[in-house]
> 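Can you keep this structure in mind? I'll have questions shortly.
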2 protein chains.
Amino acid sequence: MIRVLLVDDQHLIRAGLRMLCDAQPDIEVVGEADNGRDAVSLAARLIPDVVVMDLRMPGVDGITATSRILADRPGTRILVLTTFGDDDHLYPALTAGACGFLLKDAPPADLLDGVRKAAAGDSPFSQEVLRRLVQRAVDARSDTPRPVEGLTAREQDVLNLVAEGLSNTEIAEQLHIGITTVKTHITSLMTKTGSDNRVRLALFARGA
Amino acid sequence: MIRVLLVDDQHLIRAGLRMLCDAQPDIEVVGEADNGRDAVSLAARLIPDVVVMDLRMPGVDGITATSRILADRPGTRILVLTTFGDDDHLYPALTAGACGFLLKDAPPADLLDGVRKAAAGDSPFSQEVLRRLVQRAVDARSDTPRPVEGLTAREQDVLNLVAEGLSNTEIAEQLHIGITTVKTHITSLMTKTGSDNRVRLALFARGA
DNA sequence: CGCTTCCTCCTACCTGGGTAGGAGACGGAA
DNA sequence: TTCCGTCTCCTACCCAGGTAGGAGGAAGCG
């Protein structure tokens with residue numbers, strides 16, 4: 001039997017979820033909360049397997065509640081169920097330790113499936129959210145590999161030192177060349193990398 | 001009926017998949033290929049709904065084949081099915097346009113489910129892969145500027161923008177304050193953080 | 001041999017970054 | 001109330017950073 005705690009500030013949503021869950025032979029709703037603070041204390045007392053958590057709530061929000069519950073009992077599976085799947089909700093929730101993220105417009109079967117998956121150690125995500133997740137992961141990847149084709153050996157040397165935060169003078173000393181030479185290389189680096197100031201150049205070199 | 005093209009260099013795997021699919025009323029295997037080149041030409045001729053694609057193959061690999069098939073017919077759903085779920089396989093595959101990524105140790109039911117999901121426009125992922133995906137997305141988030149002790153709120157604002165590579169003028173515009181104010185904050189930031197130039201300040205903010 | 005690329009360095013110039021020191025306004029704490 | 005910290009902005013100054021353009025030497029290549 002999967003013990004579930006429902007957290008949502010809207011009474012109707014909780015009622016709907018409870019009805020849905022109670023109709024299942026393997027899922028049992030052991031408690032409800034309409035705000036983050038109650039959610040934390042209830043979770044501590046009831047020790048549910050899965051917490052179905054809304055994010056936007058009065059007082060303590062869902063993100064904070066998630067962190068606190070997990071700080072207390074790290075094994076708890078917290079499944080976020082919310083209306084908004086944008087980045088500002090998704091990533092804080094995942095960072096806080098939520099194991100899944102479903103949108104409220106998901107069909108009931110997906111919700112129940114999500115609860116079961118969460119309890120089983122899996123990570124249920126709505127398709128829409130999943131797409132966003134993949135996109136970000138791919139983006140993050142395509143940012144890192146900066147082969148920086150077309151840089152000469154010397155330019156690469158200078159770029160590395162710029163990335164370390166050295167001044168032109170320091171770079172000149174380090175490489176045993178004149179400061180004007182350093183400037184020459186840097187100007188060329190800027191145009192080649194499309195940076196218009198030194199910090200951006202440094203960030204570029206670091207793949208950021 | 002979902003028309004499927006199987007691509008894998010191991011005959012046994014193909015045989016197993018074919019048997020599995022043929023037992024389903026809604027899935028039809030329309031062709032097989034044991035290398036990337038054949039996969040591309042077969043896909044062009046058979047126009048399958050879903051391509052189940054292995055990555056490690058002799059000759060043209062699965063990533064390249066995926067790119068080529070999608071270049072020809074962008075609507076094709078390509079579901080990667082491979083033994084290895086590490087980053088070096090996962091991200092290139094997603095970048096190439098694969099819609100899902102399953103591991104070969106997945107239970108048969110998950111495979112069939114994956115094919116159906118892929119055909120329906122969803123993105124099936126093995127749990128293990130999904131975990132990795134979430135991790136990376138979260139990581140990519142968390143390497144944004146980190147808060148530093150002892151800084152005033154406004155200084156923190158300025159520091160974050162310095163860390164992004166903005167110039168003083170850009171920062172002033174962004175925060176709707178004067179450029180001299182920005183300079184004041186930056187001077188204070190430099191002394192507080194012990195940086196003696198702007199790049200080091202930016203690196204400090206990024207925790208480097 | 002010319003040709004090209006790269007590395008080196010130069011002058012001259014301008015702008016942005018950074019320092020020094022001061023000042024007015026505001027809000028909270030003593 | 002006074003005092004302190006923060007945020008705001010100022011002037012004035014200096015210098016590092018960045019641009020423009022040119023030039024000589026070394027190495028590789030057709």
> Measure from the side-chain heavy atoms of A/T181 and tell me the nearest of D/dT8, C/dC9, C/dC6.
C/dC9

> Using a strict cut-off of less than 4.0 Å between a Lys/Arg side-chain nitrogen and an Asp/Glu carboxylate oxygen, indicate whether B/D54 and B/K104 qualify as a salt bridge.
yes

> If I take atom CE in residue A/M190 and atom C1' in nucleotide C/dG16, what distance separates them, rounded to the nearest angstrom?
11 Å

> Taking C-beta and beyond as the side chain, do A/V51 and A/T76 meet within less than 4.5 Å on heavy atoms?
yes

> Considering only D/dC9, C/dT8, D/dG17, which nucleotide approaches the side chain of A/R154 most closely?
C/dT8

> Does B/N168 make a side-chain N or O approach to OP1 or OP2 of C/dG16 shorter than 4.0 Å?
no

> Please give, in whole Å, the distance from C/dC9 P to A/L175 CG?
10 Å

> Does a side-chain N-to-carboxylate-O contact under 4.0 Å join B/D196 and B/R200?
yes

> How many Å lie between CD1 on A/I171 and P on C/dC7, as a whole number?
15 Å

> Could you state the CG-P distance from A/L166 to D/dA16, rounded to the nearest angstrom?
15 Å

> Between A/L79 and A/M53, is a side-chain contact (heavy atoms from CB on, under 4.5 Å) present by the stated rule, with each step listed?
CA-CA 6 Å; A/L79 174 55; A/M53 176 80 74; over 6 Å; no

> Round to the nearest Å and state the distance from A/I186 atom CD1 to D/dA16 atom P.
14 Å

> Pick the closest DNA chain D nucleotide for B/I179 and for B/N197 by heavy atoms, then say which residue is nearer the 5' end.
B/I179

> Could you pick out which residue, A/R198 or B/A153, lies toward the 5' side of DNA chain D when each is mapped onto its nearest nucleotide?
B/A153

> How long is the line joining CD1 of A/I177 and P of C/dC6, in whole Å?
16 Å

> What is the distance, to the nearest angstrom, from the NZ atom on A/K183 to the P atom on C/dT15?
15 Å

> Using whole Å, report how far NE2 of B/H185 lies from C1' of D/dG5.
13 Å

> Looking at C/dT11, D/dC10, C/dG17, which one has an atom nearest to any side-chain atom of A/T180?
C/dT11

> Hey, mind stepping through A/V4 and A/E28 against side-chain contact (heavy atoms from CB on, under 4.5 Å) and telling me if it holds?
CA-CA 6 Å; A/V4 174; A/E28 176 190 11; over 6 Å; no

> Classify the side chain of A/T184 versus the base of C/dC7 as yes if they form a donor-acceptor pair under 3.5 Å and no if they do not.
no

> On the nucleotide C/dT19, are OP1 or OP2 found under 4.0 Å from the side-chain N or O atoms that B/T187 carries?
yes

